[in-house]
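Inspection log for the structure reproduced underneath, given as structure tokens.
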Number of protein chains: 2
Amino acid sequence: MLEIRHLKTLHALREADSLVDAADRLHLTQSALSHQFKELEERMGMPLFVRKTKPVRFTSAGLRLLQLADATLPLLRAAERDISRLAGGTAGRLHMAIECHSCFQWLMPTIDQFRDAWPEVELDLASGFSFAPLPALARGDLDLVVTSDPVDLVGITYVPLFTYEAMLAVANQHKLASKAYIVPEDLLTETLITYPVERDRLDIFTRFLEPADVEPAQVRTSELTVMMMQLVASGRGVCGMPHWALHEYSSRGYVKAKRLGEKGLFATLYAGIRADMLDAPYMRDFLLTAKDTSFSTLDGVSAVR
Amino acid sequence: MLEIRHLKTLHALREADSLVDAADRLHLTQSALSHQFKELEERMGMPLFVRKTKPVRFTSAGLRLLQLADATLPLLRAAERDISRLAGGTAGRLHMAIECHSCFQWLMPTIDQFRDAWPEVELDLASGFSFAPLPALARGDLDLVVTSDPVDLVGITYVPLFTYEAMLAVANQHKLASKAYIVPEDLLTETLITYPVERDRLDIFTRFLEPADVEPAQVRTSELTVMMMQLVASGRGVCGMPHWALHEYSSRGYVKAKRLGEKGLFATLYAGIRADMLDAPYMRDFLLTAKDTSFSTLDGVSAVR
DNA sequence: AGGCAAACATGAGACAAACTCAACCTTTTC
DNA sequence: GAAAAGGTTGAGTTTGTCTCATGTTTGCCT
């Protein structure tokens, strides 16, 4: 019924002040516009503009359509631009979300480095999707999700970034500080500090405490890593944390990092992306950069590769 | 390049889960869709969806276009609906703005009555356009503006609604209360209370004080009519006001209403509308209702007709 | 008034776009 | 392993949209 062409014509007509001028702008003949309007006005059942006036005057219907044009044409142009970027492959969009709180730390150097290499790519670290990032990824609202448990989802591929050890931070003078490694039962009498997210997203619960059916004496949450470290250092509790996130504190003797279980608790971080994005050059490069920076960031912190 | 048809097809495809189903919904053959997508994907330079999967899966480009479809198709439908309402003539939109503060009082009964008669018409008393309602009217953002000074503007027609007398409200024991009528010089020593708008929109300045080159001792503003009446009654100032707006207070002996100048200061309220809206049945009816209710509201208040 | 120019309308024909039909792959299903 | 279902492809037809040529209206000039 109504076509984009019509909106473009109306828009041009408003700028041009006459059919002849508008036709020029659109690289069409005046006749074409005349036909177009005649047919459109027939379909709409009413005139869209008054002809004989010098600066053309629109009727209410014409104004309503102009309003529509003003609202939609920019959206259209933006979408077309995005698509041709996608097709070009040299630029595009990279909206990310991270499931793991402590990942900012290593993601930031990656982002900085990537921004230099691909200034054209629109980078964004989304904060609004932290509740359900994977559906947003599938929907197209996000382009990359950093997660430690890859859920099998059609069209989503997971690229392993690196493996790290989850450890327990305890105060230096804590009674657990002298043990070679922590067992689940050690936490029966402890206060466990975690990020404020659901338990099933925390490895220390799903892969350490729950298999042994152990519940800590108390659980409290904190948003910020530094805050958690303060609480730990002052003996107010213990907390599970990626080993590289702890390194900054443990290497300075602020807290002690203890292995969880005899063999340690290891987890792998993955980048989840839509399968077809693997082909985009900037995406390949981002993933390589991410791996690289994680290696160098974690170097000397004995990251498991 | 990109056409609405494409967005509709993509949208249908998402709902339908297969080309065959989508074709059915669009009353087209499956072949048509296949051709359509082939050509579109060629133009876009990349695939838009993965075929062989049962619930079809979209690529990033496809998702981007779906996002566009979600944003634009509703706008389009809304516009088409508005247009056909306009064409039908029995329903439509009536977004109003009033330039005159005290007009709410008589506009409300008009609106109430009109709403009963034309429930299909989308009524709105806009507040956001009080700064420059006439351009908004010309642009199509508004459909009717109540004003007391009709500015000549192409495409805008003014329909006179009614004429009223602007009077001066003074306290009962005020020294001016005993005069037969007020002359500009009477205000030299008075505090004048007005609505908080520019002076050139206030008749008492433009048509009474300024021609005589008189400036009141003081000018203060107030948003609310009742507030102004309180100030006047307690002798804190005087204020110009349509005679019918004063009636509620003067008839109860709360304040006194005095004529401005020997012959009185009369003003006419007009409804400004776009010329082509004069044909809309609901608009004609609204204007008649407005005149009618103003007569009855002002009855016994000796409005000048 | 007459005549001229500019703006718009209209009819016919050219051409392209988009659809249908029919035949042909490809994958899934029983 | 055949049938069914989903999708592709090429040919042909329909539909629609443009241009070209020409007609009509309006405003303007002297």
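A, B, ... follow the sequence lines: proteins, then strands. Residue 1 opens every chain. Side-chain atoms are counted along with the backbone in the values below, which use heavy atoms only and exclude waters and symmetry mates.
- Remark: P of dT17(D) and NE2 of His27(A) are 20 Å apart, rounded to the nearest angstrom.
- For Ser31(B) against dT8(D), a side-chain-to-base donor-acceptor contact under 3.5 Å is absent.
- Taking every side-chain heavy atom of Ser34(A) into account, dA9(C) is the closest of dA18(C), dA9(C), dC21(C).
- The side chain of Lys38(A) approaches dT10(C) more closely than any other nucleotide in the set dG7(D), dA9(C), dT10(C).
- Nucleotide dT8(D) holds its P atom 14 Å from the CD atom of Glu39(B), rounded to whole Å.
- Taking atom CD on Glu41(B) and atom P on dT9(D), their separation rounds to 10 Å, with Å as the unit.
- For dT10(C), the base is stacked against the aromatic ring of His35(A), per a cut-off of 5.5 Å between centres and 30° between planes.
- Judged as a side-chain contact (heavy atoms from CB on, under 4.5 Å), and not counting sequence neighbours, the contacts of Ala22(B) are Ala12(B), Leu13(B), Ala16(B), Leu33(B).
- One finds no salt bridge joining Lys38(A) and Glu42(A) here, because no Lys/Arg side-chain nitrogen approaches an Asp/Glu carboxylate oxygen to under 4.0 Å.
- Arg57(A) and Asp276(B) are not joined by a salt bridge, as no carboxylate oxygen comes within less than 4.0 angstrom of a charged side-chain nitrogen.
- Distance Phe37(A) CZ to dA7(C) P: 16 Å, rounded to the nearest Å.
- Summarising the geometry, the separation between CD on Glu3(A) and P on dC18(D) is reported as 11 Å, rounded to the nearest angstrom.
- The side chain of Arg5(A) places an N or O atom within less than 4.0 Å of a non-bridging phosphate oxygen (OP1 or OP2) of dT17(D).
- As a whole-Å value, the separation of Leu33(B) CG from dT8(D) P is 10 Å.
- Checking the phosphate oxygens (OP1, OP2) of dG6(D), no side-chain nitrogen or oxygen of Arg51(B) falls inside 4.0 Å.
- Atom pair Asp24(A):CG and dT19(D):P shows a separation of 11 Å (rounding to whole Å applied).
- In this structure, Leu48(A) atom CG and dA9(C) atom P are separated by 12 Å, rounded to whole Å.
- OP1 or OP2 of dA7(C) has not a single side-chain nitrogen or oxygen of Ser18(A) nearer than 4.0 Å.
- Salt-bridge formation is detected for the pair Asp143(A)/Arg93(A): a Lys NZ or Arg NE/NH1/NH2 atom is positioned less than 4.0 Å from an Asp or Glu carboxylate oxygen.
- In summary, the side chains of Thr9(B) and Gln36(B) do present a donor paired with an acceptor at a separation below 3.5 Å, with no hydrogens or angles considered.
- Between Gln30(B) and dG6(D) there is no side-chain polar atom (N or O) within less than 4.0 angstrom of OP1 or OP2.
- Under 4.0 angstrom from either OP1 or OP2 of dC18(D) there lies at least one side-chain N or O belonging to Gln36(A).
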